[in-house]
Amino acid sequence: MAAPDNTTARPREMLARARSVLRICTGSFRDLVPIIAVVAFFQIVVLQQPFPDVERVLVGLVFVVVGLSLFVQGLQIGLFPLGEGMAHAFARKGSLIALLAFAFCLGFGTTVAEPALIAVAAKAAEVAGTAGFIVDSESSRSTYALHLRLTVGVSVGVALVVGVFRILKGWPVHYLIIGGYGVVVLMTGFAPPEIVGIAYDSGGVTTSTITVPLVAALGVGLATVIRGRTPLLDGFGLIAFASLTPMIFVLAFGMIV
Amino acid sequence: MPILIDTIDTALETLADVAPIAAILIGFQVLVLRRSVPNLRRVVAGFAYVLAGLTLFLVGLQEALFPLGETMAAQLTAAPLAGGGNVSWLDFGWVYAFAAAIGFATTVAEPALIAMSLKAEDVSGGAVRARGLRIAVAVGVAVGVALGAFRIVTGTPLPYYIIAGYFIVIVLTARCHKEIVPLAFDSGGVTTSTVTVPIVTALGLGLASAIPGRNPLLDGFGLIAFASLFPMISVMGYAMLSEWTQHRGRGAAPKEEAP
């Protein structure tokens, strides 16, 4: 299906790469086994009826396993080394503006392409269309999904800017987090109820496959360069912000749209 | 073959999704840091892998993960709803059981969680057992997803649950050992993996559309929020419990701590 490799790579390198795709494949498959086991148990013991369209689902699961494996492998060979190197370089460079701009773009760029977020945004648009919350057409759905993803992307960008600023200043993380949840609670009272569920969910969705490793690299890079910061604590802080701000921004998105 | 056309369509959309990251990384590297991209060939190959992988994943999402969650929701609610008349929330026992089972099963083997729990054992000097922590997080997710399913069945407002949950988190944060707090907060985020999110989302939406009187938009979302909230509570609870038993068990016969 996919052999998007440069043909100039030496055979040995290709072999090593294929082997590591295979290894990640078994890893992704292991993630699926518990899901398959639970579903099979409920189908056989509780419902006692066959799963409809089972072949299609199985083919789809193969797509999921192979797709996730290639995706993770691609991140590891290409993007993570580049992103980590840059995070360290910016942490050392000492220009505040450049660092903050990089933090924003990193948060935005990695979140917009996050697979779990694409899934949730697509579902949200579909449901909003069916419920008549937005005009029910193919184009308005995809616009809604895109806007939702852009909103979450911007919010993670802002989260990283605030988080980086916090690491530089050494503010304690829990005041900001608890204050942020206060804002969430307050905004929930004013936001249209249709957006609340989506907003709360988008907080948990953002911190996943692409975002966490790159963001952690930035946090750890900064914390190592600046004196008196512990990598474990400060790398964590960024991720906590990245799951908080999407709630605030998506609630605001619901109030505006 | 429709799946092929789907795949090509998805590939084009994916290209548009991945382009911004590429532009940002390369833009900053070349324009701001003024360095050439090291290992350009590997980076390009990496992007090609990401593109192909994301495309396949998104097709599989539509073909398998969404239908899995939706079909299970429809089938599990079919039996209690078939009787007609008044159905109480007690009739949906299997729905809660399925929600809890899928939450527990997908979490307990999560690689990010395994890595984190080993680190926690290290940080706490062995007071927190890695195995116990993993089970605490998985139980937290199971309770969270089951409670979220209960909320959809009863149609009670989501903010009450979440706000009450965060209140508990704040209280526990104040009472808990300081070292466990970051790990507990982190465990909320690591539990929801790329495979779990679509299934759980589809399960919630399937429930909300199957049960009469529920609006998918109002009631269908929120399961992920539950799944990220409850591990924080269960991890801090577990840490306090294990500290307490260690304190109390000192001098007494050594007993089994983690299940």
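Naming convention: chains lettered A, B, ... in sequence-line order (proteins, then strands); numbering from 1 in each chain.
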(request) Please check if atom CG in L31(B) has more than 12 non-hydrogen atoms from other residues, nucleotides or ligands closer than 6.0 Å. (result) yes

(message) Once rounded to the nearest 0.5 Å, what's the spacing between atom CD1 of I162(B) and atom OH of Y181(A)?
(response) 9.5 Å

(message) Looking at every heavy atom in both F221(B) and A124(A), which two are closest together, and how far apart are they?
(response) CZ-CA, 3.5 Å

(request) Compare every heavy atom of L75(A) with every heavy atom of V50(B), then report the nearest pair and how far apart it is. (result) CG2-N, 3.7 Å

(request) Starting at CG of L68(A), measure out to CG of L54(B) and round the result to the nearest 0.5 Å. (result) 9.0 Å

(request) Let me know if A199(A) has heavy atoms under 4.5 Å from chain B in its side chain, its backbone, both or neither. (result) neither

(request) Give, for atom CG of L70(A) and atom OG1 of T55(B), the distance between the pair rounded to the nearest 0.5 Å. (result) 10.0 Å

(request) For residues G67(A) and L56(B), report the shortest heavy-atom separation together with the two atoms involved. (result) CA-CB, 3.6 Å

(request) Look at L229(B), I199(B), L68(B) and state which one has the largest set of heavy-atom pairs under 4.5 Å with chain A. (result) L68(B)

(message) Contact between F42(A) and M72(B) at the side-chain level, heavy atoms closer than 4.5 Å - yes or no?
(response) yes

(message) Contact between P216(B) and T130(A) at the side-chain level, heavy atoms closer than 4.5 Å - yes or no?
(response) no

(request) Give, for atom CD of Q76(A) and atom CZ of R42(B), the distance between the pair rounded to the nearest 0.5 Å. (result) 10.5 Å

(request) Look up atom CG in L61(B) and atom CD1 in I118(A), then write down how far apart they are to the nearest 0.5 Å. (result) 9.0 Å

(request) Identify the heavy atoms of P115(A) and F57(B) that sit nearest to each other, and give their distance. (result) CB-CE2, 3.5 Å

(message) Less than 4.5 Å apart, side chain to side chain, heavy atoms only: is that true for Y49(B) and V72(A)?
(response) no

(request) Indicate the atoms forming the closest heavy-atom contact of P159(B) with V196(A), along with that distance. (result) CG-CG1, 3.9 Å

(message) Using side-chain heavy atoms (C-beta onward) and a distance below 4.5 Å, is L65(B) in contact with L61(A)?
(response) yes

(message) What's the separation between atom CD in Q43(A) and atom CG in L76(B), rounded to the nearest 0.5 Å?
(response) 8.0 Å

(message) Taking side chain as everything from C-beta outward and backbone as N, CA, C, O, which of these in V59(A) sits under 4.5 Å from a heavy atom of chain B? Side chain, backbone, both or neither.
(response) side chain

(message) Quick check for you: among V185(A), V112(A), T188(A), which has the greatest number of heavy-atom pairs under 4.5 Å with chain B?
(response) V185(A)

(message) For I198(A), which atoms come within 4.5 Å of any heavy atom of chain B: side chain, backbone, both, or neither?
(response) both

(message) Is Y166(B) close to chain A through its backbone or its side chain, or both, or neither, when contacts mean heavy atoms under 4.5 Å?
(response) side chain

(request) Identify the two heavy atoms, one from A105(B) and one from V38(A), that lie closest to each other, and give their separation to 0.1 Å. (result) CB-CG2, 3.6 Å

(message) Quick check for you: among L58(B), L217(B), L51(B), which has the greatest number of heavy-atom pairs under 4.5 Å with chain A?
(response) L217(B)

(message) Counting heavy-atom pairs under 4.5 Å with chain B, which one of A119(A), P193(A), G189(A) comes out on top?
(response) A119(A)

(request) For residues P34(A) and F104(B), determine if any side-chain heavy atom of one lies less than 4.5 Å from a side-chain heavy atom of the other. (result) no

(request) For chain A, find which of A97(B), A202(B), G220(B) contributes the most heavy-atom pairs closer than 4.5 angstrom. (result) A97(B)

